[in-house]
There are 2 protein chains.
Amino acid sequence: MSNEPGTFTACGACAAKRLNLCAGMRHKPSALPATSSARTLVQSITARRVICGPREWSEFVHVICSGWAMVSTAMADGRRQTLAFLLPGEIDSTASLFQPRFGRTIEAITEVFYRRFRREEMRDTVLSSPDLLRTLGELWSAERAQADDLAIDLGRRTADERIARLILDLGKRLALHGMVQEQTMDFPLRQRQIADATGLTAVHVSRVLNEFQRNALIRIGGRKLTILDYDQLRRLAEA
Amino acid sequence: MSNEPGTFTACGACAAKRLNLCAGMRHKPSALPATSSARTLVQSITARRVICGPREWSEFVHVICSGWAMVSTAMADGRRQTLAFLLPGEIDSTASLFQPRFGRTIEAITEVFYRRFRREEMRDTVLSSPDLLRTLGELWSAERAQADDLAIDLGRRTADERIARLILDLGKRLALHGMVQEQTMDFPLRQRQIADATGLTAVHVSRVLNEFQRNALIRIGGRKLTILDYDQLRRLAEA
DNA sequence: CGGATAGTTGAGTTATCTCAAATGCAGTGG
DNA sequence: CCACTGCATTTGAGATAACTCAACTATCCG
């Protein structure tokens, strides 16, 4: 539940573990060539700082060790859309193994510890191992499914549904790492950030969240979120 | 501009050409093993029929030879979201090389000629060639960018913007194959289908399209669309 | 303690939806 | 060749989810 670098818990389902990138996360050594070790030291960055800018031709793939980050785009007139939140163990995108993701910003939400892998090296390593390659394909399929789900949320679901789904999705992903206890999880998101991710405004997010709390579906406070009525929330989410 | 099977024109940018899948499209032989040829005959299907259902554990990757298809999901209560239109030369998803895409339906919009490649064989072929592998990575990156763009459209753009962008996007992709002449292209989409793709209702699509025509941005008729004022449309689209 | 950022709340607006009826158009069968 | 049926589109009127603006309050951090 903490953001300390050492407390990351890899699980069988997470990208980092599955691509063998856990070196420095108190796990098996990385599958990357020894020569790359110096370049893949754990980086750290404070909340709200940019990890990778939209016009940066980054030669790195980013893997989150601890903390929360987000990937988003900003339009010229100020509209923003967040494409994904990145939780511990997650890679910014499998696509970034092949090309940088132009026009997208990766930002730290909390303090973040992350590793940077040189794209070329990581790609060569992954592509030269049949096992890793199969894993990559699976991660990629999951990522595609997630992208599709986002489109369905934004295109066809109501505000209530979107927010309920976001909460459940984050809860599920955090639970993979044992980061949910007694239905309670860290929840560092500002309402503005929830709004950016769900295609809503912060004002409306505030209303929906309070409505949820009035109905005893969730409780938020002190940067923590507790799911009080999981079934109800789920019913809302999968309508 | 026609839907006949023989008239497909591969271009350097399309998935089929780049992954060497053009056999049977009057192009170079496929890179697939000879043994697979019998299984990759061109299939044909009439408009509105399902190419691959949402619960089907398809062992195939689909590549469109001619005609238009679409990938969409339906929710229990009837809401639908289209995730992509598939034009000649396009693959259903690079992710489908690894896993079937559950919950998504691929449907023919017009009469469609397409090829099915056995996932396993195609994957092995692609993964065992460094060239094809690099190409695959590029296609995947492009697909990821397109998925992101869809999320931005649905989350943050107005109806006018979404529709203008859809038209320009389709025009651009058709132009790759020389399927746009004098700013005019085949346009077999029903307003309902445009609505499903843009997260709007058919009624609202009708109003926007008529507004566009009243402003002399486009002309639609006889299943053709002409872009009359490209600059204006573009300005609308990239706001 | 003070300033900045985040969240709440109310009131009024609007883009888009819903419903419903009217029209157009294409294919079918007699 | 026409009447019929079923879809697609248009149009109007009214409803509503979500937005905007603005003021107020709470919370955090130095």
Side-chain angles (χ1 to χ4, degrees), chain A residues 46-49 68 70 75 77-81 107-111 153-164 166 186-215 218-225 236 239, chain B residues 46-49 68 70 75 77-82 107-111 153-164 166 187-215 218-225 236 239:
Chain A
T46 60
R48 282 145 206 274
R49 286 259 142 41
W68 293 38
M70 64 186 188
M75 297 169 59
D77 59 6
R79 288 178 282 183
R80 311 177 120 265
Q81 178 64 48
E107 284 168 278
I109 291 171
T110 63
E111 177 182 41
D153 280 355
L154 297 176
R156 292 297 173 199
R157 290 196 231 256
T158 65
D160 289 1
E161 290 168 352
R162 294 182 210 182
I163 292 177
L166 177 63
D186 276 343
F187 198 77
L189 297 182
R190 311 271 122 176
Q191 294 183 349
R192 171 76 203 284
Q193 293 166 328
I194 299 176
D196 287 344
T198 51
L200 302 166
T201 58
V203 171
H204 198 59
V205 168
S206 171
R207 294 193 221 271
V208 171
L209 249 22
N210 285 323
E211 178 74 11
F212 281 6
Q213 299 196 75
R214 240 174 285 121
N215 296 344
I218 60 172
R219 186 177 48 229
I220 299 184
R223 305 291 126 199
K224 302 245 175 232
L225 185 152
L236 238 184
Chain B
T46 61
R48 282 146 206 271
R49 285 258 142 41
W68 293 38
M70 65 188 186
M75 297 168 61
D77 60 7
R79 287 178 282 183
R80 311 177 119 265
Q81 179 64 48
T82 290
E107 284 167 278
I109 291 171
T110 62
E111 176 182 43
D153 279 355
L154 297 176
R156 292 298 173 198
R157 289 198 232 256
T158 65
D160 288 2
E161 290 168 350
R162 295 182 209 181
I163 292 177
L166 177 64
F187 199 77
L189 298 181
R190 312 268 117 183
Q191 294 183 350
R192 171 75 202 282
Q193 293 166 328
I194 298 176
D196 287 344
T198 51
L200 302 166
T201 57
V203 171
H204 199 59
V205 168
S206 170
R207 293 193 221 271
V208 171
L209 249 21
N210 285 323
E211 178 74 11
F212 282 7
Q213 299 197 76
R214 240 173 284 122
N215 296 345
I218 60 172
R219 185 177 48 228
I220 300 184
R223 305 291 124 200
K224 302 246 176 234
L225 185 152
L236 238 184

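We name chains A, B, ... by the order of the sequence lines, and we start the count at 1 in each one.
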R190(B) side-chain N/O to dG6(D) phosphate OP1/OP2 under 4.0 Å: no

Atom pair distance, as rounded to whole Å: CG in D153(B) and C1' in dA15(C): 17 Å

Whole-Å distance separating the CG atom of D77(B) from the C1' atom of dT18(C): 15 Å

Any S206(B) side-chain nitrogen or oxygen under 4.0 Å from OP1 or OP2 of dT10(D): yes

Distance in Å, Q191(A) CD paired with R207(A) CZ, rounded so as to fall on 0.5 Å steps: 11.0 Å

Over 12 non-hydrogen atoms of neighbours within 6.0 angstrom of CZ in R49(B): no

Gap between atoms CG and P, on L200(A) and dT16(D) respectively (whole Å): 20 Å

Integer-rounded Å distance: dT10(D) P and F212(B) CZ: 14 Å

Atom pair CZ (F212(A)) and CG (L225(A)), whose distance is rounded to the nearest 0.5 Å: 10.5 Å

Atom-to-atom span, CD1 of I220(B) to C1' of dC25(C) - whole angstrom: 16 Å

Test side-chain contact (heavy atoms from CB on, under 4.5 Å) applied to E161(A) and D153(A), step by step: CA-CA 8 Å; E161(A) 290 168 352; D153(A) 280 355; over 6 Å; no

Phosphate-side-chain proximity, T201(B) and dT16(C), N/O vs OP1/OP2 below 4.0 Å: no

Minimum-distance nucleotide to H204(B) side chain [options: dT9(C), dT16(C), dA18(D)]: dT16(C)

Side-chain N or O of R48(B) closer than 4.0 Å to phosphate OP1/OP2 of dA8(D): yes

Check: Q81(B) main-chain N/O paired with R156(A) side-chain donor or acceptor under 3.5 Å: no

Sugar-phosphate only, base, or nothing, as touched by G199(B) at under 4.0 Å among non-hydrogen atoms: sugar-phosphate

Atom-to-atom span, CG of D196(B) to P of dC17(C) - whole angstrom: 12 Å

Minimum-distance nucleotide (side-chain atoms of Q191(A) versus dG7(C), dC19(D), dT11(D)): dG7(C)

Closest-nucleotide ordering on DNA chain D, the 5'-leading residue of L209(B) and A159(A): L209(B)

Nearest-angstrom distance from the residue atom CG of N210(B) to P of dA8(D): 17 Å

Value in whole Å for how far the C1' atom of dA18(D) lies from CZ of R156(B): 11 Å

Per R207(A) side chain, nearest of listed nucleotides dT10(D), dT16(C), dC19(D): dC19(D)

